[in-house]
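Residue numbers start from 1 in every chain, and the chains themselves are labelled A, B, ... in the order their sequence lines are given, proteins ahead of strands. What you are looking at is a predicted structure, and each value in this text was computed from that prediction instead of being measured.
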Number of protein chains: 2
Amino acid sequence: MAVTIRDVAEASGVHVSTVSRAFSAPHLVNTVTRTRVLAIAEDLGYRPNRAARALTTGRTHNIGLIVADIANPFFPPLIKAAQAQARMRDYHVFVADTDEDPQVEEELIQTLTKQVDGVLLCSPRLTNRTIERLREEIPFVVVNRRVKGMPTVLMDVGRGVRLAVEHLTRLGHRRLALVTGPSGSWTSKEMQAAAAAMVEADVTFLGPNPPTELGGLAAVTDVLASGATAVLAYNDLVAIGLIEGLAARGVDVPGEISVIGVDDIVPGRLSRPKLTTIAMPTAAAGRIAVDLLLQSVDSESTGGVTVLETSLIVRDSTGENRK
Amino acid sequence: MAVTIRDVAEASGVHVSTVSRAFSAPHLVNTVTRTRVLAIAEDLGYRPNRAARALTTGRTHNIGLIVADIANPFFPPLIKAAQAQARMRDYHVFVADTDEDPQVEEELIQTLTKQVDGVLLCSPRLTNRTIERLREEIPFVVVNRRVKGMPTVLMDVGRGVRLAVEHLTRLGHRRLALVTGPSGSWTSKEMQAAAAAMVEADVTFLGPNPPTELGGLAAVTDVLASGATAVLAYNDLVAIGLIEGLAARGVDVPGEISVIGVDDIVPGRLSRPKLTTIAMPTAAAGRIAVDLLLQSVDSESTGGVTVLETSLIVRDSTGENRK
DNA sequence: GTGAAAGCGCTAACAC
DNA sequence: GTGTTAGCGCTTTCAC
């Protein structure tokens, strides 16, 4: 077995409680004793057992991060940032993938609950009811979805949509299409609301669609039928599918139709034409969500909504309306 | 506090040890008692505290997964698969990102060690010495690197290279360039060895290069100077950078130069021309690595190398040599 | 400033 | 088949 607090105590000729204090309440122990104990601990390669500590303190120093799909390019930057921020604060993070299945999501939260101080829920598929019920057992922070009374991190896609529409109208586009996402998506609703409020352009809504390349591919016919000269897609994956589908029909992007995505995922930067997109600050969202979570862990904080700015990144998939 | 084993014991009028057994050794307890206890536990919403359990059993039912960079598109499918497999076996997984920093990597292993039964090291940046030393404290499985005496999961990129070269020679290419990766990369060495062994073609080695789009972009001049009509890149990111750089010089892919990548990441499927690539079975690697790890956790298994097949996916970035 | 003792939630001999 | 007891590694009163 690994070296325990008792080994350190024996080696330094003090009681275990003194060793414990040397680590978790240094000011309570004589400087000389402390430095000696710490030195011996270091020497022996002692590391406090966090799980054992958690048993008495009630703080595991772990958090859970639950996402719908790790492999969706939208999430990795968020996971990376959340994990980095957690590490900065001396927390470890369990990452779990629900495969978009609400039942798995609930099960995961349940089994994780005893081992973490809080859970980050990213784009949860659970009902609000269920989330509120589970909230009794463990603090949450929700990302990318609005849940009443719960700390929430949102990205202001509405602003991005306004910027995008302005960008397009400046390029002479008047007839726009919005290829929406899944019907349950908060982001999709926000986009629709923002687009509908714009008077500069005439926007047709096309959807709902799966939030994937295939979703975009399948929407091409409708887009063409709509007569729009510019399309705003639910996300970059859909936008890429759209561009691909248009190319297959011999329609040039941005020559004949302009396309804008949402998210700013890596493939969008790498595909050609490079995608103009509404950038979602996913890394910032991850970082901030962790801060909020740790904060709410030791302060019983009530809900509160943090909204992060989005921005428009103009690349090569948008151009002047030539019709 | 949440409901504990003691609450269940009281509510069911049995001793805690009976409740414990009802969960962890069901066959040792009378069927009637067991079902009653289980029912009451369910009723109370009791969930065994895994951390407390770990204290006595020595099994945390957690594993650690350490990767160099979560945001690198190569890893998410691996993480996803590993996590899914772990969940199937009732394990949770800590995911940590080292930011390519060996020191962070070691620190992470150290602090994780007490909370996990084993660690999955993906493309570790640590020296073999260090890994072997840390091996004393916790079981490892290493992915994507060869470490003596340690269970290892490798992907046979050599085979992929052979398939790629055959594909290219069949298309009439005789002068090839291999844009290598970072000097320390095991995969890069394997690729060089495999390419050097092919007699059908004349291969120029260009590198080392950073394993990124920028690395590819920067290698364009050398590629052009080499006179090669086809290029094999260290990975898809490099290949995409290469294609981009060639396009900037007015060189058409695959019209004038063919390009093949390695990995089969999402952006490669989405970029245009769609990338011909040597597909790395990352999901399978994650799944199998977890199995090996859990196996070695309770069997003191000695090292052993599992090699997974790669394959060539022909898409649109390769074509006939017209020179 | 330090030691002694109790206890966190659970499992694992050992009795009976 | 079930209760008793001890103890996993640690923190936290409470004495002294």
Side-chain angles (χ1 to χ4, degrees), chain A residues 1-38 40-41 44-62 90 111-117 137 298, chain B residues 1-38 40-41 44-62 90 110-117 137-138 298:
Chain A
M1 211 54 188
V3 27
T4 83
I5 200 174
R6 214 171 333 262
D7 301 324
V8 179
E10 275 172 27
S12 19
V14 296
H15 198 257
V16 288
S17 54
T18 303
V19 179
S20 171
R21 278 187 285 254
F23 279 93
S24 26
H27 58 284
L28 289 182
V29 34
N30 179 295
T31 318
V32 182
T33 334
R34 168 159 37 95
T35 47
R36 187 164 48 85
V37 167
L38 257 24
I40 291 179
L44 263 41
Y46 168 73
R47 301 247 164 189
N49 182 324
R50 290 159 158 250
R53 178 181 280 178
L55 215 47
T56 44
T57 61
R59 284 276 168 280
T60 62
H61 265 244
N62 295 147
D90 197 26
T111 59
L112 233 31
T113 241
K114 295 287 197 354
Q115 283 186 98
V116 300
D117 296 337
E137 320 205 350
D298 33 42
Chain B
M1 211 56 187
V3 26
T4 82
I5 200 175
R6 211 165 342 254
D7 301 324
V8 179
E10 276 172 26
S12 20
V14 297
H15 194 98
V16 288
S17 55
T18 304
V19 179
S20 170
R21 278 187 286 254
F23 281 92
S24 26
H27 58 282
L28 290 182
V29 34
N30 180 297
T31 318
V32 182
T33 335
R34 169 159 38 95
T35 46
R36 188 164 47 85
V37 167
L38 258 24
I40 292 180
L44 263 40
Y46 168 73
R47 300 245 164 189
N49 181 325
R50 289 160 159 250
R53 178 181 281 177
L55 216 46
T56 43
T57 60
R59 284 276 168 280
T60 62
H61 264 244
N62 295 147
D90 196 26
Q110 297 275 18
T111 61
L112 232 32
T113 243
K114 295 285 195 0
Q115 283 187 97
V116 300
D117 297 338
E137 319 206 350
I138 186 92
D298 35 41

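Between the P atom of dG9(C) and the CD atom of E10(B) lies a distance of 12 Å, rounded to the nearest Å. Distance NE2 (H27(A)) to C1' (dG1(C)): 12 Å, rounded to an integer number of Å. The CZ-C1' distance, from R21(B) to dA13(C), rounds to 10 Å in whole Å. The nearest whole Å value for the distance from the CZ atom in R53(B) to the P atom in dG7(D) is 22 Å.
The shortest distance between the side-chain N/O atoms of T18(B) and the OP1/OP2 oxygens of dG3(D) is below 4.0 Å. An OP1 or OP2 oxygen of dT11(C) is reached within less than 4.0 angstrom by a side-chain nitrogen or oxygen of S20(B). Here H15(A) reaches the OP1 or OP2 of dA4(C): one of its side-chain N or O atoms lies under 4.0 Å away.
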Evaluation steps, side chain to side chain contact (heavy atoms under 4.5 Å, CB included), between R21(A) and R34(A) = CA-CA 9 Å; R21(A) 278 187 285 254; R34(A) 168 159 37 95; over 6 Å; no
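Nucleic acid contact class of F23(A) (heavy atoms, under 4.0 Å, all strands): none. Among the atoms of the strands shown, none is found under 4.0 Å from any heavy atom of R59(A). Here S17(A) lies in heavy-atom contact (under 4.0 Å) with a base.
For the pair V19(A) and R6(A), both in contact range of DNA chain D, the more 5′-proximal nearest nucleotide belongs to R6(A).
Side-chain contact between L38(A) and T35(A) is absent, with no heavy-atom pair separated by less than 4.5 Å. Counting only heavy atoms from C-beta outward, the side chains of D90(B) and R50(B) approach each other to under 4.5 Å.
Closest to the side chain of V29(B), from the set dC10(C), dG9(D), dT2(D), is dT2(D). Side-chain proximity of L55(A) to dG9(C), dT11(C), dC10(C): nearest is dG9(C). The side chain of T33(B) has dT2(D) as its nearest neighbour among dG9(D), dT2(D), dC10(C). Side-chain atoms of N49(A) lie closest to dG9(D) of the nucleotides dG9(D), dT11(C), dA12(C).
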